[in-house]
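This is a predicted model, so every value here is computed, not measured. Atom set for the values below is all heavy atoms of this structure, side chains included, hydrogens, waters and symmetry mates excluded.
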Amino acid sequence: RVTSIADRLNVEFALIHKERKRANEVDRMVLVGDVKDRVAILVDDMADTCGTICHAADKLMSAGATKVYAILTHGIFSGPALSRINNASFEAVVVTNTIPQEEKMKHCPKIQFIDISMILAEAIRRTHNGESVSYLFSHVPL
């Protein structure tokens, strides 16, 4: 996935490999690639307590990244998440609106959201009418 996105954007990429002792507990993280003097964008499917993405942001900054952003599909943001984001080195944490974020944004100005209602509606319409949903991978409705 990372290679595909990087190729489409014509950018280089690095990745963070995380090893877990057990669920919800990261044992260690290893940065693979060079981020020195670059803007880093963390991409993940969801963030709950945000311990992992905040730890990853610290690792990127200590490796020389100039700025760190996070882009997440689902921002759950439970427990200490908002405090962790506020104290982390993120420029912004961007999530979709699959979960309402208005209240959380009041307590954490780094959170921003992208409205995906149009693409979900189009995916549902296409499924209902027997049309290609994969068409949306390269033709996003606005």
Side-chain angles (χ1 to χ4, degrees), residues 1-20 23-142:
R1 262 189 307 183
V2 173
T3 304
S4 174
I5 293 169
D7 287 347
R8 284 191 210 175
L9 297 174
N10 195 29
V11 297
E12 294 181 31
F13 73 93
L15 61 91
I16 294 180
H17 174 72
K18 61 184 175 186
E19 296 176 7
R20 295 184 182 274
N24 295 325
E25 189 176 326
V26 175
D27 183 33
R28 79 183 181 129
M29 289 184 166
V30 178
L31 175 62
V32 180
D34 182 23
V35 297
K36 186 169 176 38
D37 299 324
R38 298 182 183 189
V39 174
I41 303 171
L42 285 166
V43 179
D44 208 347
D45 57 348
M46 70 176 165
D48 187 2
T49 61
C50 296
T52 301
I53 64 164
C54 289
H55 184 84
D58 290 343
K59 184 160 279 299
L60 291 167
M61 291 301 286
S62 67
T66 57
K67 294 180 182 179
V68 178
Y69 294 85
I71 299 177
L72 312 164
T73 305
H74 309 290
I76 299 167
F77 304 137
S78 65
L82 300 181
S83 173
R84 285 177 173 168
I85 293 170
N86 281 330
N87 294 319
S89 54
F90 291 112
E91 294 291 315
V93 174
V94 182
V95 297
T96 66
N97 62 337
T98 58
I99 298 171
Q101 299 297 338
E102 290 77 11
E103 281 302 310
K104 293 181 176 152
M105 290 170 64
K106 290 177 185 175
H107 302 286
C108 185
K110 292 182 182 181
I111 296 174
Q112 300 174 16
F113 78 91
I114 297 171
D115 181 8
I116 61 165
S117 60
M118 292 302 292
I119 196 163
L120 289 178
E122 182 62 13
I124 292 167
R125 187 196 70 74
R126 287 178 165 278
T127 301
H128 180 76
N129 292 327
E131 299 172 26
S132 170
V133 175
S134 60
Y135 173 85
L136 296 175
F137 297 153
S138 57
H139 299 86
V140 179
L142 299 174

With side chain to side chain contact (heavy atoms under 4.5 Å, CB included) as the test, would you mind laying out the steps for R125 and E122 before giving the verdict? CA-CA 5 Å; R125 187 196 70 74; E122 182 62 13; 2.8 Å; yes
Could you tell me whether the side chain of V39 reaches within less than 4.5 Å of the side chain of Y69, counting heavy atoms only? yes
Nearest 0.5 Å, what's the CD1-CZ distance between I99 and F113? 13.5 Å
Can V68 and V35 be said to form a side chain to side chain contact (heavy atoms under 4.5 Å, CB included), step by step? CA-CA 10 Å; V68 178; V35 297; over 6 Å; no
Could you tell me whether a side-chain N or O of K104 sits under 3.5 Å from a main-chain N or O of I76, the two making a donor and an acceptor? yes
Separation of L136 CG from L120 CG (nearest 0.5 Å): 10.0 Å
Just verifying a value: how many Å separate M46 CE and T73 OG1, rounded to the nearest 0.5 Å? 10.0 Å
For M61 versus S89, what's the shortest heavy-atom pair and its separation? CG-OG, 3.2 Å
Where the side chain of Q101 meets the backbone of G75, is there a donor-acceptor pair that is under 3.5 Å apart? yes
What is the distance from atom CD1 of I85 to atom OG1 of T49, rounded to the nearest 0.5 Å? 10.0 Å
Check this for me: M29, atom CE, are more than 12 non-hydrogen atoms of other residues, nucleotides or ligands nearer than 6.0 Å? yes
Sub-3.5 Å donor-acceptor pair from the side chain of H139 to the main-chain atoms of Y135, do we have one? yes
Salt-bridge criterion met for E102 and K106 (N-O under 4.0 Å): no
Under 3.5 Å, side chain of N86 to main-chain N/O of H107, donor-acceptor pair present? yes
So, taking the atom named CD1 in I71 and the one named CG in D44, what distance separates them when rounded to the nearest 0.5 Å? 11.5 Å
A88 backbone acceptor or donor facing D58 side chain under 3.5 Å: no
Please answer whether the main-chain N or O of E131 pairs with a side-chain N or O of N129 as donor and acceptor at a distance below 3.5 Å. no
Would you compute the distance between atom CD1 of I5 and atom CZ of F13 and round it to the nearest 0.5 angstrom? 10.5 Å
